[in-house]
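Within every chain, numbering begins at 1; the chains are lettered A, B, ... in the order of the sequence lines, protein sequences first and strands thereafter.
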2 protein chains.
Amino acid sequence: MASLSREAFPPAVSIMPGSQRASRSVVVDLIAVLAAVTAGAPRVMTVAKGSALPSGPFELAHRSLQQGLRDWVEQQTHHPLGYVEQLYTFADKDRADADTAPRTISISYLGLTREHDAAEAGWHSWYEYFPWEDHRAGPPPVIAKVLAPALAAWAEAAPTAGMRSERRLRAAATFALDGARWNEELTLQRYEMLYEAGIVAERLRREGHSEEGGAGRPMIADHRRILATGIARLRAKIKYRPVVFELMPPTFTLLQLQRCVEAIAGRTLHKQNFRRLMEQQELVEETGGTTSESLGRPAKLFRFRHAVVEERALAGTKLPLAPT
Amino acid sequence: MASLSREAFPPAVSIMPGSQRASRSVVVDLIAVLAAVTAGAPRVMTVAKGSALPSGPFELAHRSLQQGLRDWVEQQTHHPLGYVEQLYTFADKDRADADTAPRTISISYLGLTREHDAAEAGWHSWYEYFPWEDHRAGPPPVIAKVLAPALAAWAEAAPTAGMRSERRLRAAATFALDGARWNEELTLQRYEMLYEAGIVAERLRREGHSEEGGAGRPMIADHRRILATGIARLRAKIKYRPVVFELMPPTFTLLQLQRCVEAIAGRTLHKQNFRRLMEQQELVEETGGTTSESLGRPAKLFRFRHAVVEERALAGTKLPLAPT
DNA sequence: GTGCTTATGCTCAGTATAAGCATATGCCAG
DNA sequence: CTGGCATATGCTTATACTGAGCATAAGCAC
């Protein structure tokens, strides 16, 4: 997590051919995927009536990109930004014919912030943009009703038999179409497949077609893809780093914590096992207090044990290590 | 793995303050961490006598950054690049006083290529740069002899008792100083800690001190940090994605495969368990042939089962899912 | 054949995970 | 003040996965 500042940079060792430097103007943007979980829904901060992620020019960055982003977000939202991580840098040529236009490089970041007022402007649920990603109440109907048939048609439209079967296999594995297990981490792959198959408005728009029939709410340019990248990253990260706590208030019940994870993962968890996991990993400790906001027996309040971050070097092996 | 090309980008929605665009010139570099495993050592492609990673200006990129990098590498090395992934984008201000100098953005990539002639120019073992990272023959002496004392001194030099104890804890966990388990994935954290503690030449150089006493072979600018990022990423990735095979010849024995993983991870594995893991995951299949290059019973030859990549959506849960 | 070397097969115990049962503790209606 | 309801929390069982080691197989050198 510690980040060294970049030191003086000597003339780059350019072995690559045709090293004509800085030949054309380059524009650098920052794009933020800002996430919070409120009222049981994972939300993302948007602008332009929910059609774009907040972005801005690079120059604002203070010491570092990360710090610039953090300052800006905290100023805008008045909520401290708990966790920031770089997502991806996009720099593909916009179009073949755009030789004269400046080339744009977009550096995207994922940021986590705490729960806040659910009605605050600009925050939208992830699942407006990706309705097929929320499996908390079972597989969403849109998959069987819209996506599966469209993906099947896309597979059949492939030129060769080999490609057809490969597409069928890939679609089935990615969307859990046959009995396969749903894998919530494949958010980006799913969006990319829908894009490839022409089932999202962004692709239809690009091809000059009507945007009718696109699944989920679209965004400007490739912002929805960037959001998918952020969701996928967060869904993966939550499993091996204690980042959920960045989304929680200082104290919380285990059920609240579970609901937060469920909102992000888009699936329901086994209550008792979740609680066992939290306890045995010693990620939380009781505050002593209890809450009785809802019906039923009052729940104990917990807080995150910041200490574990230092104590343990976290993360585990998956390799069959030899005894040392 | 599929990558959509970025589409036409409308005027960015700039909510950030002070949106004066393209105010100052920006230089964009690509930096490659190119890895291969030959003769039992993980190697990285370098230039300038091993003191820098290959880099070049951004303009060369063809359709996309990734494709540009791939073309360039294949042209240079005459070896196909198996796997390419973006590592990180560095864009911190070089120095406070560099207001007039162009700001440099470096986009780094990790690329894997197959085994080739061990003596080929430019390829150096990772462990020249990070001697403390190779634990295949037990913990390297440099840790106990050089790093541990220096880290202890660094911890004691902290101003408050709280910071001292925090540094001690962190150093112990990161370098497995007390009985703690070595975690090979912490390569980047370890390098950053050594930098912070002033035990690497890059830091000494920056502070205007003699570079004497720096641990491991240094590199230009922050190239060694980028290499550490690449190593850490590869060590983590190897555990949940079948990327090792990008480093192997088309057919191989299980022991060769194991040696390759060991070289990357910097630790030895349990032979039988490694073999069981490979078989139960169905990542490989027998070719029918055998080899008898060394002593002992000839080993069966295997090849990678490309099919699994499509069949399975890979990666697994770590959440206590509720029965659906 | 004997002995050396590596390959390959199999076992056993310890630990983690999935799933479900049982009990505790509050509130509320009557 | 009692029974019903709702949630919290504790505990058990079967199964899968892992770490570690033993045992056997199949080549080669002598």
Side-chain angles (χ1 to χ4, degrees), chain A residues 40 135 181-184 239-240 251-262 265 267-303 312 314-324, chain B residues 40 135 181-184 239-240 251-262 265 267-303 312 314-324:
Chain A
H135 286 232
R181 250 191 160 54
W182 175 258
N183 183 342
E184 73 279 355
K239 292 174 188 169
Y240 61 97
T251 70
F252 45 82
T253 70
L254 289 182
L255 187 59
Q256 285 167 348
L257 184 62
Q258 180 181 343
R259 294 287 179 244
C260 181
V261 175
E262 288 177 335
R267 4 191 12 176
T268 54
L269 307 180
H270 182 115
K271 195 170 179 175
Q272 296 91 328
N273 291 346
F274 177 81
R275 142 186 314 270
R276 177 181 58 192
L277 206 68
M278 286 302 116
E279 279 164 4
Q280 82 181 22
Q281 298 200 161
E282 298 180 287
L283 288 172
V284 295
E285 62 190 1
E286 300 184 17
T287 67
T290 60
T291 183
S292 51
E293 305 225 320
S294 58
L295 288 177
R297 173 174 171 177
K300 290 183 193 160
L301 284 171
F302 291 80
R303 75 168 72 90
R312 272 185 286 155
L314 295 154
T317 175
K318 200 54 151 74
L319 294 175
L321 296 175
T324 43
Chain B
H135 285 233
R181 249 191 161 53
W182 176 257
N183 183 343
E184 73 280 356
K239 292 175 187 168
Y240 62 96
T251 70
F252 45 82
T253 69
L254 288 182
L255 186 59
Q256 285 167 348
L257 184 63
Q258 181 181 342
R259 294 288 179 242
C260 181
V261 175
E262 288 176 335
R267 12 193 1 180
T268 53
L269 308 181
H270 182 113
K271 196 172 181 176
Q272 296 92 323
N273 290 346
F274 178 80
R275 142 185 315 270
R276 175 177 61 188
L277 205 70
M278 287 300 117
E279 279 163 5
Q280 82 181 22
Q281 297 200 162
E282 297 178 290
L283 288 173
V284 294
E285 64 190 358
E286 299 185 16
T287 66
T290 60
T291 185
S292 52
E293 305 223 323
S294 56
L295 288 176
R297 172 174 173 176
K300 291 185 193 159
L301 284 171
F302 290 81
R303 75 167 73 87
R312 271 184 289 153
L314 294 153
T317 174
K318 198 60 150 83
L319 295 173
L321 296 175
T324 44

Colleague: From the 5' end of DNA chain C to its 3' end, which nucleotides mark the outer limits of contact with chain A, defined by a 4.0 Å heavy-atom distance cut-off (strictly under)?
Modeller: C:dT17 to C:dG26
Colleague: Return the set of residues passing side chain to side chain contact (heavy atoms under 4.5 Å, CB included) with A:T287 (not counting sequence neighbours), or none when no residue passes.
Modeller: A:T251, A:L301, A:R303
Colleague: Could you state the CG-P distance from A:L277 to D:dT9, rounded to the nearest angstrom?
Modeller: 16 Å
Colleague: With no hydrogens and no angle check, is any side-chain donor or acceptor of B:R275 less than 3.5 Å from a backbone partner on B:L255?
Modeller: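 No; zero donor-acceptor contacts below 3.5 Å.
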Colleague: How close or far is atom P of D:dT13 from atom NE2 of A:H270, stated in whole angstroms?
Modeller: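 Interatomic distance, NE2 of A:H270 to P of D:dT13: 16 Å.
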Colleague: Nearest whole Å is fine: how far is D:dT9 C1' from A:N273 CG?
Modeller: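 One finds 13 Å between C1' of D:dT9 and CG of A:N273, rounded.
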Colleague: Want to settle it: does B:L295 or B:Q272 sit nearer the 5' end of DNA chain D, counting the closest nucleotide to each?
Modeller: B:Q272
Colleague: May I ask you to decide if B:T253's main-chain N or O and B:Q256's side chain share a donor-acceptor pair within less than 3.5 Å?
Modeller: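 Yes; at least one donor-acceptor contact below 3.5 Å.
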Colleague: Measure the shortest side-chain to side-chain distance between A:L321 and B:H270 over non-hydrogen atoms and say whether it is less than 4.5 angstrom.
Modeller: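 With C-beta onward as the side chain, the pair stays apart.
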Colleague: Name the residue closer to the 5' end of DNA chain D, choosing between A:R276 and A:A299 according to the nucleotide with the nearest heavy atom.
Modeller: A:A299
Colleague: In whole angstroms, how far is the P atom of D:dT9 from the CG atom of A:L269?
Modeller: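 It is 17 Å, rounded to the nearest whole Å.
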Colleague: May I ask you to say what B:K271 touches in the nucleic acid, namely base, sugar-phosphate or nothing, with a heavy-atom cut-off under 4.0 Å?
Modeller: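 The answer is base, as B:K271 lies within the cut-off (heavy atoms under 4.0 Å) of a base atom.
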Colleague: Taking atom CZ of A:F274 and atom CG of A:L257, what is their separation to the nearest 0.5 Å?
Modeller: 4.0 Å
Colleague: In whole Å, I'd like the distance from the CZ atom of B:F274 to the P atom of D:dT18.
Modeller: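 Answer to the nearest Å: 14 Å.
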Colleague: I want to confirm an ordering. Mapping B:E279 and B:L319 to their closest nucleotides on DNA chain C, which one lands closer to the 5' end?
Modeller: B:E279
Colleague: Using a 4.0 Å heavy-atom cut-off, does A:L254 contact any base of the nucleic acid, only the sugar-phosphate backbone, or nothing at all?
Modeller: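 Touches nothing.
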Colleague: Do A:R297 and D:dA6 have a side chain to base donor-acceptor pair shorter than 3.5 Å?
Modeller: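 A donor-acceptor contact between them is absent.
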Colleague: Quickly work out the A:Q280 CD to D:dC11 P distance and round it to whole Å.
Modeller: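 In whole Å, D:dC11 P lies 15 Å from A:Q280 CD.
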Colleague: Does the B:E262 side chain pair with the main chain of B:L269, one donor and one acceptor, at a distance under 3.5 Å?
Modeller: yes
Colleague: Has the side chain of B:Q280 got a donor or acceptor atom that lies under 3.5 Å from a matching backbone atom of B:L277?
Modeller: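 Flag not set: sc B:Q280 to bb B:L277 has no pair under 3.5 Å.
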